[in-house]
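Index from 1, following the sequence. Just follow the structure's listing: the first ligand is 1, and inside any ligand the first atom is 1.
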Amino acid sequence: MSIDTTIVSVTTIEQIGQYAGQKVRLRGWLDTMRSSGKIRFLKLRDGTGRIQGVLTKNDAGEELFERTGHLGQESSLIVEGEVREDARAPGGYELLVSGVEIVHNAEGYPITPKDHGTDFLMDHRHLWIRSQRQHAILRVRAQVMRSISDWLDNHGFLRIDTPILTPSACEGTTTLFETKYFESSAFLSQSGQLYNEATAMAFGKVYAFGPTFRAEKSKTRRHLMEFWMVEPEMAFVDMWENMEIQEQMVSYVVQQCLQHRRRELELLERDLSKLEKIVPPFPRIHYDEAVQILRDKGVEFEWGGDFGGTDETVVSEQFDRPVFVHHFPAAVKAFYMKPDPDRPETVLGADLLAPEGYGEVIGGGQRLDDLALLEQRIAEHQLPTEAYAWYVDLRRYGSVPHSGFGLGVERTVTWVCGIEHVRETIAFPRTLYRLYP
Ligand code: 4AD
Ligand code: MG
């Protein structure tokens with residue numbers, strides 16, 4: 001009986017460069033296999049990367065060669081072999097396969113290298129996320145979220161998460177998801193902002209980071225029913241300082257993606273020169289100016305209206321960086337926005353529109369800090385007073401000028417990746433007609 005005394009390191013494709021010339025073991029899945037005579041090329045993936053395994057009848061032996069002949073796409077394997085440096089290989093390395101343990105032989109994997117329609121891929125989202133393109137996008141997403149947290153944590157913001165089950169609306173009563181709450185009902189949070197205003201009065205600078213929900217009957221490439229938002233809120237900050245903070249944070253996030261996710265962005269064929277331009281300051285234009293731009297470009301637009309997707313695209317295309325549009329008409333904005341004392345029909349808020357037609361990625365502004373005016377607004381919007389009593393209280397006990405904003409993660413990732421639709425930027429998108437898988 002022979003005892004195998006060689007210790008073979010288990011590693012990942014990402015780390016494999018450390019083992020050049022040595023034997024390693026990889027655990028993963030078979031992407032594609034191509035055979036040509038006495039040689040097989042196994043494209044393996046393990047979640048950290050992809051590598052080509054080369055299996056020859058001569059080196060691996062007849063038995064192993066035969067056993068691997070019928071492996072289906074996405075079969076799970078433990079593969080052993082020697083790591084060989086190869087400048088022509090995509091990751092710089094190849095594996096000379098000497099052993100294969102078949103953990104599970106998969107048959108009839110539905111997503112093949114041929115073209116599939118979007119609906120088919122969406123129905124198979126649980127499998128589609130294994131593809132290279134989806135990997136790249138979801139890695140950029142993770143980087144965006146991480147960079148946001150890093151920036152805020154390093155700039156004196158305290159993360160405080162706000163509730164998802166709420167008794168009241170933040171962003172209008174027409175887009176609420178209602179759910180049973182024992183004998184009464186609750187709404188899924190549209191935004192953590194109102195609670196953040198309370199925590200900002202307790203801690204100064206705070207942020208919430210979590211999922212938010214909107215029952216929006218919008219079937220556009222920018223809308224999800226469930227999306228993630230980061231929402232910083234700051235006491236003693238006005239709308240102008242609020243914008244400075246946003247441009248700093250957004251620039252940092254984009255530059256971090258360029259630094260740490262360049263490979264993924266290249267795979268997505270992103271024009272990196274466009275992202276390199278994302279540095280402060282971002283242009284700031286008044287709503288009046290935005291309306292003028294629209295009219296100059298031949299869009300029929302009446303002062304007082306909200307921007308639709310096309311309007312945002314037309315305005316943002318005039319700039320090579322994100323652009324702030326401030327002083328929207330009060331009538332199209334939420335009840336909590338502070339009116340401009342000099343032109344009370346407009347508010348001290350700003351939306352940030354991403355370039356290249358990606359539309360609004362941030363909504364934010366200065367909050368109403370006056371008790372009487374806030375009570376008036378709540379009445380005008382016909383909101384139930386009892387549900388907002390605690391919120392109104394914040395204007396009774398040490399009310400201060402304060403501001404905040406909400407950045408939508410999926411829209412930001414869509415823009416950074418330069419892709420067409422938000423649905424690819426979250427693992428399991430919830431859209432108007434899709435709650436599966
Ligand atoms: O402009 P919104 O509605 O602002 C708020 O909710 C504020 N309470 C935030 C705050 O000041 N704390 O939403 C903010 C951002 C939008 O700019 C957009 O990026 C994203 O959230 N967003 C959506 N993303 C995907 N699908 C949807 N249906 C979205 N609705 C808003
Ligand atoms: Mg908005």
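Residue contacts with ligand 1: Ile362 is included, with a non-hydrogen atom under 4.0 Å away. Between Met225 and ligand 1 there is no heavy-atom distance shorter than 4.0 Å.
Defined by atom type and a distance below 3.5 Å, a donor-acceptor pair is present between the side-chain atoms of Glu197 and His402. Gln376 and Glu380 share a donor-acceptor pair across their side chains, judged by distance under 3.5 Å alone. Using modelled atom types, one finds a donor on one side chain and an acceptor on the other under 3.5 Å when comparing Arg125 with Gln134. Trp303 and Asp288 share a side-chain donor-acceptor pair at under 3.5 Å.
The protein non-hydrogen atom at the shortest distance from atom 1 (O) of ligand 1 is Glu360 OE2, 3.0 Å. Atom 28 (N) of ligand 1 has as its closest protein heavy atom Glu216 OE1, 2.7 Å. What sits closest to atom 25 (C) of ligand 1 on the protein, heavy atoms only, is Arg222 O, 3.4 Å. Distance from atom 26 (N) of ligand 1 to its nearest protein heavy atom, with residue and atom name: Leu224 N, 2.9 Å. With hydrogens left out, the protein atom closest to atom 9 (C) of ligand 1 is Glu231 OE1, 3.3 Å, a heavy atom. Closest to atom 19 (O) of ligand 1, if we only count protein heavy atoms, is Val361 O, 2.9 Å. Counting protein heavy atoms only, atom 15 (C) of ligand 1 is closest to Gly406 O, 3.6 Å.
In this comparison of Arg367, Arg214, Arg411, Glu410, the heavy atom closest to atom 11 (O) of ligand 1 sits on Arg367.
Per-residue contacts place Phe405 under 4.0 angstrom from the following atoms of ligand 1 (heavy atoms of the residue considered): 10 (C), 11 (O), 12 (N). Heavy-atom contacts of Gly363 reach the following atoms of ligand 1: 1 (O), 9 (C), 10 (C), 11 (O), 17 (O) (cutoff under 4.0 Å). Remark: ligand 1 atoms within the under-4.0 Å shell around heavy atoms of Gln193 are 7 (C), 8 (N), 10 (C), 11 (O), 12 (N).
Contacts between Glu171 and ligand 1, counted as non-hydrogen atom pairs separated by less than 4.0 Å, involve the side chain only. Contacts of Tyr336 with ligand 1, taken as heavy-atom pairs under 4.0 Å, involve the side chain alone.
More than 12 heavy atoms of other residues, nucleotides or ligands shown are found within 6.0 angstrom of NE2 on His155. Within a 6.0 Å radius of CZ in Phe177, more than 12 heavy atoms belonging to other residues, nucleotides or ligands are found.
The cationic group of Arg395 does not satisfy the cation-pi geometry with Tyr397, failing either the under 6.0 Å distance to the six-membered ring centre or the 45° limit from the ring axis.
In this structure, Phe157 and Trp151 have tilted ring planes: the angle between them lies in the 30° to 60° band.
Residue Cys170 has no N or O atom closer than 3.5 Å to an N or O atom of ligand 1. Geometrically, ligand 1 and Phe227 share no nitrogen or oxygen pair separated by less than 3.5 Å. Some N or O of Ser191 is nearer than 3.5 Å to an N or O of ligand 1, by distance alone.
Between Lys274 and Asp320, none of the side-chain N atoms (NZ, or NE/NH1/NH2) sits under 4.0 Å from a carboxylate O, so this pair counts as no salt bridge. Using a cutoff of 4.0 Å between basic side-chain nitrogens and carboxylate oxygens, Asp351 and Lys333 are scored as salt-bridged.
For the pair Glu276 (side chain) and Gln255 (backbone), a donor-acceptor distance under 3.5 Å is absent.
Under the side-chain hydrogen bond (donor to acceptor under 3.5 Å, both in side chains) rule, Gln190 has a single partner from Thr173, Thr212, Thr175, which is Thr175.
At least one N, O or S atom of Glu360, from either the backbone or the side chain, sits less than 2.8 Å from the Mg ion (ligand 2).
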